[in-house]
Each structure stands twice: as C-alpha cells, then as structure tokens.
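First comes the structure, then the notes that go with it.
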Amino acid sequence: MQGNLSAWLVKHGLIHRSLGFDYQGIETLQIKPGDWHSIAVILYVYGYNYLRSQCAYDVAPGGLLASVYHLTRIEYGVDQPEEVCIKVFAPRRDPRIPSVFWVWKSVDFQERESYDMLGIYYDNHPRLKRILMPESWIGWPLRKDYVAPNFYEIQDAH
C-alpha cells in the first residue's frame with residue numbers, strides 16, 4: 001500500500017521503496033544510501049522541517065545495519081502534523097550513509113551515537129567520533145555479532 005508521500009516521490013521520479021505503515025499509521029519508506037542526502041534535502045524543502053529522532057539497529061547477525069529517521073512536517077495552524085519514517089540500510093562490511101547534519105542539525109548527537117554503538121559511518125558529519133564509549137574502545141557494542149570483552153574497567157574510581 002502506497003502512502004501520500006510515496007505517491008508524491010513517484011510522481012517526481014524519486015527512487016524509494018514503500019514499506020507500508022507502522023501501527024500508528026505512519027508511512028515508512030526505504031531509501032538507498034546513495035540517494036538519501038538529496039531526498040533528505042527535498043523532504044526538508046517539501047516541509048518536513050523537524051527531525052523527531054534518529055536511531056539505528058542491527059537487522060540480523062552478519063546482515064544489514066539500518067539507520068532510521070522520524071520526520072515531522074510542522075505547519076502553523078495544523079493540529080495533526082504529517083509524519084514519516086525513513087529507513088536507510090547499509091552493508092555491514094562498509095556501513096556508510098550520508099549525514100543529514102547540514103539539513104537537520106538536531107541529528108548531531110544521534111548520528112554520533114549510532115556510529116559509536118553500531119559503527120555506521122555518516123559521511124560529511126562534522127564531529128563523527130565516539131560519544132558514549134571511550135575513544136580506545138574496540139568494536140561496536142550493539143551489533144548482534146559483538147563479542148563482549150571478559151573484563152570491565154572502572155575508570156576514575158576513587
């Protein structure tokens with residue numbers, strides 16, 4: 001089933017895949033990493049001016065990694081703003097997705113957390129570095145194939 005935004009993207013020749021609707025009726029679309037930045041700019045111009053959240057997850061052990069964006073179209077005088085969920089899948093070996101920091105600045109720490117926990121590289125992010133784990137940490141703790149070290153250090157313990 002195709003939603004309003006998917007129909008609009010098809011009408012304008014923008015490549016994507018409709019993934020249907022979630023339990024709240026929010027349209028979900030899949031965008032290829034190579035198309036994501038240009039479509040993000042188009043969505044911003046179209047009116048999706050608020051990035052509600054960005055998160056990432058490991059689809060399956062040894063499988064794809066996903067970066068998920070929840071966008072909202074906020075307009076004056078509209079009680080029920082339009083929302084859309086965008087999923088961008090990246091291969092595990094070289095998970096690279098264009099950063100949308102320059103479109104929605106609020107994605108800054110969220111993309112950094114996705115990098116820190118899953119190892120997704122957000123190209124052109126101005127400060128892509130670990131945000132939760134120490135810089136010396138090896139590996140990506142939220143990947144399903146991550147092997148936890150058998151030691152834990154308490155840093156700065158007194």
Q | Path from Leu132 to Trp140 over hydrophobic side-chain contacts below 4.5 Å | A | yes
Q) Would Leu43 and Leu5 satisfy side-chain contact (heavy atoms from CB on, under 4.5 Å), going step by step from the backbone distance to the final call? A) CA-CA 9 Å; Leu43 291 175; Leu5 181 58; 3.8 Å; yes
**Q.** Ser106 OG to Arg52 CZ distance, which is reported to the nearest 0.5 Å
**A.** 11.5 Å
Q. Under 6.0 Å from the CG atom of Asp94, do we count more than 12 heavy atoms belonging to anything else shown?
A. yes
Q.
Could you check whether any side-chain N or O of Asn124 sits under 3.5 Å from a backbone N or O of Pro98, counting only pairs where one atom can act as donor and the other as acceptor?
A. no
Q. What's the spacing between Leu9 CG and Ser18 OG if we round to 0.5 Å?
A. 10.0 Å
(Q) Which heavy atom of Cys85 sits nearest to which heavy atom of His70, and what is that distance? (A) SG-CE1, 3.7 Å
(Q) Does His16 form a side-chain contact (heavy atoms from CB on, under 4.5 Å) with Ile86? I'd like the steps, not just the answer. (A) CA-CA 10 Å; His16 70 288; Ile86 304 291; over 6 Å; no
**Q.** Tyr46 ring center within less than 6.0 Å of Trp8 ring center
**A.** yes
**Q.** Side-chain touch Pro81/Arg73, heavy atoms, less than 4.5 angstrom
**A.** no
Q.
Is there a side-chain contact (heavy atoms from CB on, under 4.5 Å) between Leu118 and Glu113? Walk through the geometry before answering.
A. CA-CA 8 Å; Leu118 292 157; Glu113 181 179 352; over 6 Å; no
Q: Calculate, to the nearest 0.5 Å, the distance between atoms CD and CD1 belonging to Glu83 and Ile26 respectively.
A: 4.0 Å
**Q.** Side-chain heavy atoms of Ile39 within contact of Leu29, under 4.5 Å
**A.** no
(Q) Would you compute the distance between atom OG of Ser6 and atom CD of Gln30 and round it to the nearest 0.5 angstrom? (A) 11.5 Å
Q | Hydrophobic cluster partners of Val59 (side-chain heavy atoms under 4.5 Å) | A | Tyr57, Leu64, Val68, Phe89
Q) Is there a path from Val41 to Trp102 through hydrophobic residues (I, L, V, M, F, W, Y) whose side chains come within less than 4.5 Å of each other? A) yes
Q.
Do Glu111 and Ile120 have side chains that approach each other closer than 4.5 Å (heavy atoms only, starting at C-beta)?
A. no
Q) Is it true that Val107 and Phe109 fall in one hydrophobic cluster, defined by side-chain heavy atoms closer than 4.5 Å? A) yes
**Q.** Side-chain donor/acceptor of Arg112 to backbone N/O of Arg130, under 3.5 Å
**A.** yes
Q. Around Ile15, counting heavy atoms of other residues, nucleotides and ligands shown, do more than 12 lie under 6.0 Å from its CD1?
A. no
Q.
Under 3.5 Å, is there a donor on one side chain and an acceptor on the other for Gln54 and Tyr122?
A. yes
Q) Can you tell which of Trp104, Trp36, Tyr48 makes a ring pair (Phe, Tyr, Trp, His ring centres under 6.0 Å) with Tyr69? A) Trp36
Q) Is Lys105 positioned over the aromatic face of Phe101, cation under 6.0 angstrom from the ring centre and no more than 45 degrees off axis? A) yes
Q: Rounded to the nearest 0.5 Å, what's the gap from CD1 on Ile31 to OG on Ser67? Could you check?
A: 12.0 Å
Q) Between OG1 of Thr28 and CZ of Phe21, what distance do you get to the nearest 0.5 Å? A) 8.5 Å
Q. Are Leu71 and Leu19 co-members of a hydrophobic cluster defined by side-chain heavy atoms under 4.5 Å apart?
A. no
Q. For Tyr121, what residues pass the ring pair (Phe, Tyr, Trp, His ring centres under 6.0 Å) criterion, not counting sequence neighbours?
A. Tyr115
Q: Would you confirm whether Glu27, through its side chain, and Glu82, through its main-chain N or O, come within 3.5 Å as a donor-acceptor pair?
A: no
Q | Within 6.0 angstrom of Arg96 CZ, more than 12 heavy atoms from elsewhere | A | yes
Q: Evaluate the side-chain contact (heavy atoms from CB on, under 4.5 Å) criterion for residues Leu65 and Arg143: first the C-alpha distance (whole Å), next the side-chain angles of each, then the deciding distance (0.1 Å), finally the verdict.
A: CA-CA 9 Å; Leu65 301 174; Arg143 285 194 182 185; 3.5 Å; yes
(Q) Please enumerate all residues that pass salt bridge (Lys or Arg N to Asp or Glu O under 4.0 Å) together with Arg92, with sequence neighbours excluded. (A) Asp58, Asp145
Q. Quick one: do Val100 and Ile131 end up in the same hydrophobic cluster if we chain Ile, Leu, Val, Met, Phe, Trp and Tyr together by side-chain heavy atoms under 4.5 Å apart?
A. yes
Q. Hey, is NZ on Lys32 packed in by over 12 heavy atoms from elsewhere, all under 6.0 Å?
A. no
Q. Which heavy atom of Gly119 sits nearest a heavy atom of Pro95, and at what distance?
A. O-CG, 3.2 Å
